[in-house]
Amino acid sequence: MTHVHPNALWSDSMDQAGYLPEWPQISSMFRGYNHFNRFELKRLKENEKIEEGRDSYYRLLFLVRGKATLRMLKEKSRIISENECVLLPTGTTGNLYPTGNGILIILLFDAIPEVCERKYQSFLYPYLSSYEFRGTGVTVPPVIMNSLLSILRYMDDDILTAELSSIKQQEIFVLLLHYMHPKDLISLFCPLLKKKLSFKELILAHYQKAHSAKDLLQISGLKRTSFDKKFRENFGTSAHQWLLKQRALLVCRKLKDDKTLSIEQVGKMCGFNSSTHFVRFCRQQFNCTPKELRRHVELMK
């Protein structure tokens, strides 16, 4: 049995911060604000066509007031009602035909904000295989409508600065994730998530929920041989050894940062069913007990 020294493990983690997004050394997860990501306001009038799309941006169309017919190339016409939203994928043209006066707020974006992206992937990926994009409108929960109404007010008062717009964009994505039903989220973001999610991103989105390499194999949907090959290509080791290292990193971090927690509490938070199992893991990985390991990591910078 080769034991891992905590110092070496701690040092190695610096190059693998993406595996633990909450790791102290990671800088802010907020990507730089893209000034082409923005909100747009459209005042709808009866029989006045609104054309959107034909570029590299996704568009979330929020119909705050009114009713309209949405026509997309090679798709059936769809009725979008008040308090509903629909996604226009990149490169897609959509023509909106209002049936009366109304208000449309459009969120243009090139990607889900990084602060939300992994949560979206982790939460929605299990549903992706059973859903296809239909471009239908979905009902927007009241709490999100309230946020949209505040954006409308900022636009009317001409105070929606680039910085405020960036904050409100992230707020919308967080609210969608927490208040919209998974089926509705899938119908909105299916094309975006299916396009972006690579094998490595899939593993990083789900490994914290996996108890074994077999769990990751099932999530990937690949055959064992293909999975093992892809895993080594992306992570440089086997899935079993990689999971052990991530768990060891988590143990070190919890023992170092959560000083108010008992050894037993840390063990449970790290997924160990019993103190005996936790002690055995630490002896196998670090050649010491959890209590001895805590004393050591507390001395590390």
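Just so you know, these numbers come straight off a predicted model, no measurement behind them.
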Does the [X] side chain pair with the main chain of [Y], one donor and one acceptor, at a distance under 3.5 Å?
X	Y	result
Thr99	Lys67	yes
Ser150	Ser147	yes
Arg247	Gly271	yes
Asp228	Thr225	no

Residues forming a salt bridge (Lys or Arg N to Asp or Glu O under 4.0 Å) with [X], sequence neighbours excluded:
X	answer
Lys42	Glu52
Arg280	none
Arg43	Asp156

| query | Are more than 12 heavy atoms from other residues, nucleotides or ligands located less than 6.0 Å from atom CZ of Arg65? | reply | no

| field | Within 6.0 Å of CG in Asp157, more than 12 heavy atoms from elsewhere | value | yes

| query | Does a side-chain N-to-carboxylate-O contact under 4.0 Å join Lys168 and Glu171? | reply | yes

| request: Measure the acute angle between the ring planes of Tyr58 and Phe109, then classify it against the limits of 30° and 60° as parallel, tilted or perpendicular. | output: parallel

| Parallel under 30°, tilted from 30 to 60°, perpendicular over 60°: which one fits the rings of Phe235 and Trp242? | tilted

